[in-house]
There are 2 protein chains.
Amino acid sequence: MANGRVTVIDIAKAAGVSKSTVSLVLQGSPLVNEGTRTKVNAVMRDLGYVYNRGAANLRQSSAKSKIIGVVVNDLTNSFFAELAVGIDLVVQDAGFVQFLANTSESLDRQTEVIASMREHGISGLVVSPARGSRAIDFKALVSAGMPVVAVVRPVPGAKVSSLMSDNHTGLFSAVEHLAKLGHTRIAFFGGFEDTAIFQERLAGYRDGLAAAGFGYDEGLVFACAPSRAEGAKAVARAMAAGDRPTGGVCFNDAVAFGVYDGLRARRLEPGVDFAIVGFDDVIEAGTSVPALTTIAVDPQGMGRRAAQLLLKQINAGKAEAEAVVTPVRLVVRESCGVNRMKPGRRTA
Amino acid sequence: MANGRVTVIDIAKAAGVSKSTVSLVLQGSPLVNEGTRTKVNAVMRDLGYVYNRGAANLRQSSAKSKIIGVVVNDLTNSFFAELAVGIDLVVQDAGFVQFLANTSESLDRQTEVIASMREHGISGLVVSPARGSRAIDFKALVSAGMPVVAVVRPVPGAKVSSLMSDNHTGLFSAVEHLAKLGHTRIAFFGGFEDTAIFQERLAGYRDGLAAAGFGYDEGLVFACAPSRAEGAKAVARAMAAGDRPTGGVCFNDAVAFGVYDGLRARRLEPGVDFAIVGFDDVIEAGTSVPALTTIAVDPQGMGRRAAQLLLKQINAGKAEAEAVVTPVRLVVRESCGVNRMKPGRRTA
DNA sequence: TTGATATTTTGGAACGATCCAAATACTGAA
DNA sequence: TTCAGTATTTGGATCGTTCCAAAATATCAA
């Protein structure tokens with residue numbers, strides 16, 4: 001009290017009870033008499049008491065810290081920002097608070113922040129792993145029995161739970177959609193070839209082509225960093241080639257918008273002269289001109305589900321790794337020229 | 001050791017020293033002999049020791065928790081996501097870790113999370129206050145001597161430090177720019193009228209008009225929620241009126257993009273038929289078509305500065321509230337028709 | 001060898017909560 | 001009044017660290 005911080009002992013003294021009783025009140029125990037409870041609560045309010053969770057955690061089992069860690073690879077990407085918001089939402093409702101760290105795809109940063117979070121006593125971790133993350137990076141956590149949920153990107157070989165969107169089906173249906181509209185030369189834009197997601201999506205793309213009766217042409221795959229600027233460059237490469245595609249599916253929406261830019265730079269109008277399908281369904285997808293046809297994954301929903309999965313494991317006490325695949329769906333808007341475009345017009 | 005968690009005592013036993021020595025090693029004290037230090041470190045590695053910051057904080061002064069709280073009003077807005085990234089950057093470098101909570105403009109959420117963060121022992125707080133925040137909401141914190149930095153939005157009357165962008169100058173120079181290009185009827189789009197920022201920006205707009213020799217016409221101010229969708233509606237209202245503006249300054253870039261949409265819906269091309277200036281300079285501003293002329297505020301830089309300010313106060317031990325205004329600058333791109341537009345073409 | 005001095009190491013006693021076993025206060029029936 | 005039975009309350013001991021004063025050890029000049 002004198003030194004600034006009010007403790008249970010100060011409350012006990014002021015209320016004329018023992019610290020144990022105050023502790024009981026704090027925990028909402030039914031053992032304490034209604035009269036004492038209200039008196040103690042009143043004193044707490046009067047003295048401006050703040051509960052010291054750190055002290056409590058020391059005595060209790062480590063899993064009760066009410067802190068979870070969230071590590072994302074790129075918070076400036078609105079997909080991950082939405083994801084973080086989704087996590088935050090359910091985590092807050094459960095009375096938890098989250099450490100949020102951004103790694104900017106740096107593995108060193110990732111190991112650093114995870115170590116730091118451990119020291120601070122997180123009771124679980126949701127991580128969207130930095131590029132190149134290996135099972136070894138999470139080894140210490142899982143062998144310490146800490147629940148870990150990997151989202152968006154898999155960590156091959158790691159014994160952690162995972163929540164991934166259905167990449168294969170997503171690209172499959174994107175290709176199917178374009179094929180149905182009459183396109184026969186369909187390109188694939190964006191993504192780093194050395195990632196698992198890229199491979200999953202590429203497989204969906206190939207299978208989609210096969211299902212439509214087309215062959216797979218490596219020359220129609222334009223990998224690049226999944227950013228708007230790189231997407232613009234990728235489509236420039238595609239249109240410079242001899243046998244041009246008439247439409248394309250993109251690794252994500254950012255790339256798709258880059259494709260818009262790249263087309264316009266060549267005086268081609270997206271959705272009229274070229275059909276585009278994105279992936280993610282970021283907020284801008286619905287309001288852009290033309291509105292982007294895309295594969296919706298609902299990042300906020302994914303965040304919520306990831307947090308629920310994690311909380312379930314924390315409460316269960318034991319972390320049984322499980323893999324969840326979240327469904328995606330094709331959202332048809334204007335960028336494939338429905339009602340706007342003559343399909344296949346520049347073909348052959 | 002047996003129960004799972006490795007403590008300093010386990011280390012001490014295994015290394016054949018006392019726990020005090022281990023503690024000294026942990027703190028990198030120069031008092032301990034080089035030989036013992038390496039041996040202790042080796043043992044720590046072998047046993048997989050994780051430092052328990054919670055326990056340490058208990059003994060030490062509360063200001064050393066190495067945790068700071070970050071509360072933002074809307075993380076789905078990329079401006080705030082960037083801000084959070086900037087904060088994260090310097091906070092991580094300083095060996096801190098951040099609690100990040102999103103309030104979605106809910107005052108209740110805000111008080112909840114701040115209370116929760118206090119219980120967890122944060123040593124400082126960066127907050128971008130939810131709409132309608134009052135000094136009272138931060139009273140408990142400041143009277144407890146906790147450093148608080150309010151960013152982006154002011155909290156009138158609160159004794160907290162603040163870091164605001166130069167709203168007045170920003171809008172002043174936006175108007176000046178349009179006037180220089182020959183525009184005489186300049187509208188103002190977006191923003192909530194009951195916020196301090198809106199008033200600051202509006203004042204900059206008025207002063208800019210006055211400096212250019214124009215009068216202030218209330219009918220040219222189209223306030224609305226600062227979102228893309230509402231921006232589109234606002235410009236629709238503007239163009240429906242009799243004496244149309246030929247250009248406009250916007251509350252932020254989101255509104256500006258909404259104005260793009262609204263214009264296109266009326267078959268008007270932004271940057272050709274109508275001049276637009278945004279505010280914020282979000283990432284998309286440079287890559288949109290046309291590229292958006294805007295007032296750059298560098299949210300990530302603001303985040304960094306806010307974090308630095310906070311860390312300075314934490315280290316100083318005493319929280320002397322100070323107000324910092326960060327400079328803004330006009331970034332001229334294509335949305336005002338430089339090289340593209342006949343200024344004032346639809347005037348009169 | 002012996003102090004004196006400098007270098008290292010070390011047992012408790014905190015920090016602020018929880019938990020447990022045991023004490024105390026109530027209740028109503030005998 | 002006493003006693004069993006229930007309802008409340010309560011002192012330690014404890015969690016894993018830091019801090020302090022004091023002890024042990026090493027170093028060295030006389």
Side-chain angles (χ1 to χ4, degrees), chain A residues 1-41 43-44 47-67 118-121 123 144, chain B residues 1-41 43-44 47-67 118-121 123 144:
Chain A
M1 197 141 66
N3 59 7
R5 193 157 187 72
V6 180
T7 78
V8 273
I9 301 202
D10 300 320
I11 303 297
K13 282 206 187 88
V17 296
S18 78
K19 60 182 167 42
S20 304
T21 304
V22 178
S23 173
L24 256 7
V25 172
L26 245 18
Q27 302 168 255
S29 162
L31 266 52
V32 43
N33 179 295
E34 205 47 53
T36 13
R37 180 195 308 286
T38 50
K39 167 187 276 174
V40 168
N41 277 324
V43 174
M44 292 201 296
L47 300 195
Y49 170 74
V50 268
Y51 183 67
N52 185 335
R53 246 168 233 282
N57 290 341
L58 192 51
R59 191 64 176 71
Q60 297 176 311
S61 77
S62 54
K64 303 204 60 207
S65 74
K66 294 282 189 181
I67 304 177
R118 266 194 96 186
E119 293 186 352
H120 281 286
S123 35
Chain B
M1 198 141 66
N3 59 8
R5 194 159 186 70
V6 180
T7 78
V8 274
I9 302 202
D10 300 319
I11 304 296
K13 281 207 186 90
V17 296
S18 78
K19 62 181 167 40
S20 304
T21 303
V22 177
S23 173
L24 256 7
V25 171
L26 246 17
Q27 301 168 258
S29 162
L31 266 53
V32 43
N33 179 295
E34 204 47 54
T36 20
R37 181 195 308 287
T38 49
K39 167 188 278 176
V40 168
N41 278 324
V43 174
M44 292 201 295
L47 300 195
Y49 171 73
V50 270
Y51 184 66
N52 185 333
R53 249 167 230 282
N57 290 341
L58 190 52
R59 191 61 176 76
Q60 297 175 312
S61 77
S62 54
K64 303 204 60 210
S65 73
K66 294 283 189 179
I67 304 177
R118 268 194 94 186
E119 294 186 353
H120 281 286
S123 34

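Predicted model only: the values in this text are computed from it and were never measured. All chains are named by letter (A, B, ...) in the order of the sequence lines, taking the proteins before the strands, and each is independently numbered beginning at 1.
Both A56(B) and V17(B) lie close to DNA chain C; mapped to their nearest nucleotides by heavy-atom distance, the more 5′-ward contact belongs to V17(B). Summary of the strand contacts: L31(A) and S20(A) both lie near DNA chain D, and taking for each the nucleotide with the nearest heavy atom, the more 5' one is attributed to L31(A).
The base of dG11(C) does not come close enough to the side chain of S18(B) for any donor and acceptor atom to sit less than 3.5 Å apart. Side chain R59(B) to base dT17(D): no donor-acceptor pair is found below 3.5 Å.
Note that OH of Y51(A) is 11.0 Å distant from CE of M44(A), once rounded to the nearest 0.5 Å. To the nearest 0.5 Å, atoms CG (L26(B)) and CZ (R37(B)) are separated by 11.0 Å. Interatomic distance, OG of S18(A) versus CG of L24(A), reported as 8.0 Å (0.5 Å rounding). Put simply, CG on N57(B) and NE2 on H120(B) are 12.5 Å apart, with the number rounded to the nearest 0.5 Å.
Each of dG16(D), dT18(D), dA17(C) was ranked by its minimum atom distance to the side chain of Y51(B); first place goes to dT18(D). Candidate nucleotides dC19(D), dT18(C), dG16(C) were compared by shortest atom distance to the side chain of Q60(A), and dT18(C) ranks first.
When the P atom of dT9(C) is taken as reference, atom CG of L26(B) falls 15 Å away, rounded to whole Å. Between the CG atom of N33(B) and the C1' atom of dT10(C) there is a distance of 15 Å, given to the nearest Å. Between the CG atom of N57(A) and the P atom of dC15(C) there is a distance of 19 Å, rounded to whole Å. If you measure from atom CD of E119(B) to atom P of dG16(C), you get 15 Å, rounded to the nearest angstrom. Per the geometry, NZ belonging to K19(A) stands 9 Å off P belonging to dG12(D), to the nearest Å. Atom-to-atom, CD1 of I9(A) to P of dG11(D) comes out at 11 Å; the value is rounded to the nearest Å. Taking atom NE2 on H120(B) and atom P on dG16(C), their separation rounds to 18 Å, with Å as the unit. Spacing between atom CG of N52(A) and atom P of dT18(C) amounts to 10 Å, rounded to whole angstrom units.
Of the side-chain N and O atoms in Q27(B), one or more sit less than 4.0 angstrom from OP1 or OP2 of dC19(D). OP1 and OP2 of dT8(D) both lie 4.0 Å or more from every side-chain N or O belonging to T36(A). Side-chain N/O atoms of T21(B) include one lying less than 4.0 angstrom from OP1 or OP2 on dT10(C). Dashed line: the shortest gap from a side-chain N or O of S23(B) to OP1 or OP2 of dT17(D) is not under 4.0 Å.
T38(B) and E34(B) form no side-chain donor-acceptor contact under 3.5 Å, judged by distance and modelled atom types alone.
Residue contacts shown for L24(A) include a base, since a base heavy atom lies under 4.0 Å away.
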